[in-house]
Protein chains: 2
Amino acid sequence: MQENRFQRNSRQREIILEELRKLHSHPTAATLYKLVSKRIPRISLGTVYRNLDLLSRKGIIHKLEVGGSATRFDGDISKHYHICCTECGRIDDALDFSDKIINVDISDFNGYAVKGYHINFYGICSDCRESH
Amino acid sequence: MQENRFQRNSRQREIILEELRKLHSHPTAATLYKLVSKRIPRISLGTVYRNLDLLSRKGIIHKLEVGGSATRFDGDISKHYHICCTECGRIDDALDFSDKIINVDISDFNGYAVKGYHINFYGICSDCRESH
DNA sequence: GTCCCTGCAAACTCTTTGCATAAAA
DNA sequence: TTTTATGCAAAGAGTTTGCAGGGAC
């Protein structure tokens with residue numbers, strides 16, 4: 001992250017990004033805070049929020065547009081969808097099959113300049129299916 | 001709402017539903033609370049939340065699965081999508097064109113029993129386009 | 001040395017909940 | 001009369017922010 005996208009580089013931001021990229025579990029800020037705390041014990045939750053917000057506004061990570069009380073973050077910004085378990089709240093990656101999904105012209109709709117769309121699948125994950 | 005779906009019928013619930021159904025603006029609980037307050041001045045925000053939750057769990061209204069800090073509600077449960085303005089947060093209805101959208105088999109995915117999906121479009125609404 | 005970023009804590013927004021009372025049935 | 005639903009207020013969860021001090025450059 002030796003990029004010029006920030007006014008300063010900080011160890012905190014570097015490690016937050018590093019830890020987020022290790023995961024495929026789309027953690028909340030609180031989860032990430034716990035992980036990062038192991039490496040920077042005195043880091044504050046506020047710093048985690050500030051950096052996650054900054055990173056997502058720079059397009060380096062994604063805030064997921066899924067329901068649920070807490071915002072979830074994704075270090076993988078390649079195009080892909082998500083599938084959420086309605087039982088346990090777990091979120092997994094789903095492949096990008098947008099070419100097979102969207103084949104109507106949505107460029108101008110209801111007066112909107114349409115920029116894109118979010119798709120989230122939902123269902124019951126294998127773990128929850130077993131425990132039923 | 002003379003239905004047997006509830007243990008009791010209440011004037012509060014009736015009016016909350018009535019006001020929600022008047023709107024196409026997908027209001028938050030707080031917005032709806034202000035409207036309903038005009039008709040029932042002593043109603044509490046807690047009652048609005050409780051009834052919106054109840055109504056959505058009975059399938060009479062929908063909680064929208066869109067991003068944003070506050071949950072939004074929709075009194076129209078016919079199948080349709082939504083489009084959100086990234087500038088002002090406004091949410092409009094979008095037609096249901098699911099038959100043209102999803103044409104891959106998603107019934108079993110990644111071990112999930114897939115139940116469905118949510119699609120939200122986003123872009124810039126006509127009002128915001130003008131003011132740029 | 002400058003000024004951005006941090007840690008800390010307080011504040012803020014949205015939502016839920018416990019309790020006594022009011023109102024359906 | 002019985003029991004659910006309400007109003008009120010407090011509490012809870014998630015997130016943001018003001019400020020003084022520390023660290024990047």
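Quick note on labels: first sequence line is chain A, next is B, and so on, each numbered from 1. Bear in mind the structure is a predicted one, so any value in this text is a computation, not a measurement. Basis for what follows: all heavy atoms, side chains included, without hydrogens, waters or symmetry-related copies.
- Between A/I15 atom CD1 and C/dT6 atom P there is a gap of 12 Å when expressed in whole angstrom units.
- Counting to the nearest Å, the C1' atom of C/dA25 and the CZ atom of B/F6 are 16 Å from each other.
- Remark: the backbone N or O of A/C85 is not paired with any side-chain donor or acceptor of A/R90 at under 3.5 angstrom.
- In terms of polar N and O atoms assigned as donor or acceptor, the side chain of B/R42 never comes within less than 3.5 Å of the base of D/dT6 in a complementary pairing.
- With a 4.5 Å cut-off on side-chain heavy atoms, B/K38 and B/E19 do not count as touching.
- Between B/N9 and C/dA25, a side-chain N or O to OP1/OP2 separation shorter than 4.0 Å is present.
- B/L45 comes within contact range of at least one nucleobase, with a heavy-atom separation under 4.0 Å.
- With hydrophobic clusters built from ILVMFWY side chains whose heavy atoms lie under 4.5 angstrom apart, B/I77 does not share a cluster with B/F73.
- With distances taken from any side-chain atom of B/Y49 to the nucleotides C/dT16, D/dA24, D/dA5, the minimum falls on C/dT16.
- Atom-to-atom, CZ of A/R57 to C1' of D/dT16 comes out at 12 Å; the value is rounded to the nearest Å.
- Straight-line distance from the CG atom of A/L52 to the P atom of D/dT15: 10 Å, rounded to whole Å.
- For B/I40 and C/dA22, the CD1 to C1' distance is 14 Å, given to the nearest whole Å.
- Residue A/Q12 places none of its side-chain N or O atoms closer than 4.0 Å to OP1 or OP2 of D/dG23.
- A/K63 has its NZ atom 11 Å from the C1' atom of D/dT16, to the nearest Å.
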Q. Would B/Y49 and B/L45 satisfy side-chain contact (heavy atoms from CB on, under 4.5 Å), going step by step from the backbone distance to the final call?
A. CA-CA 6 Å; B/Y49 272 107; B/L45 184 53; 3.7 Å; yes
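- Linking ILVMFWY residues whenever their side-chain heavy atoms come closer than 4.5 Å, directly or via other members, places A/I43 and A/L32 in the same cluster.
- Only at 4.0 angstrom or more do the heavy atoms of residues 23-34 of chain A sit from any atom of DNA chain D, so none qualifies.
- When heavy atoms are screened at a 4.0 angstrom cut-off, B/D53 is found touching no nucleic acid atom at all.
- Checking the phosphate oxygens (OP1, OP2) of D/dG7, a side-chain nitrogen or oxygen of B/T47 falls inside 4.0 Å.
- Between the CG atom of B/L54 and the P atom of C/dT15 there is a distance of 17 Å, rounded to whole Å.
- Comparing D/dG7, D/dA5, D/dA24 against the side chain of B/I43 picks out D/dG7 as the nearest.
- Between A/R11 and the phosphate of D/dG23, there is no side-chain N or O to OP1/OP2 separation shorter than 4.0 Å.
- Between A/S10 and C/dC5 there is no side-chain polar atom (N or O) within less than 4.0 angstrom of OP1 or OP2.
- Which of D/dT15, D/dG7, C/dC5 sits closest to the side chain of B/S44 comes down to D/dG7.
- Note on ring orientation: taking the six-membered ring where Trp is involved, the planes of A/Y81 and A/Y117 are tilted (angle from 30° to 60°).
- A side chain to side chain donor-acceptor pair (under 3.5 Å) with B/D74 is found for one member of B/H24, B/R21, B/H80 and no other, namely B/H80.
- In this model, a side-chain donor or acceptor of A/R50 finds a partner on the base of C/dG7 within 3.5 Å.
- By the criterion of side-chain heavy atoms lying less than 4.5 angstrom apart, applied directly or through intervening Ile, Leu, Val, Met, Phe, Trp or Tyr residues, B/L64 is not grouped with B/I83; the two fall into different hydrophobic clusters.
- A straight line from CD of A/Q7 to C1' of C/dC4 spans 7 Å, rounded to a whole angstrom.
- In terms of position on DNA chain C, the residue among A/G46 and B/T71 whose nearest nucleotide sits closer to the 5' end is A/G46.
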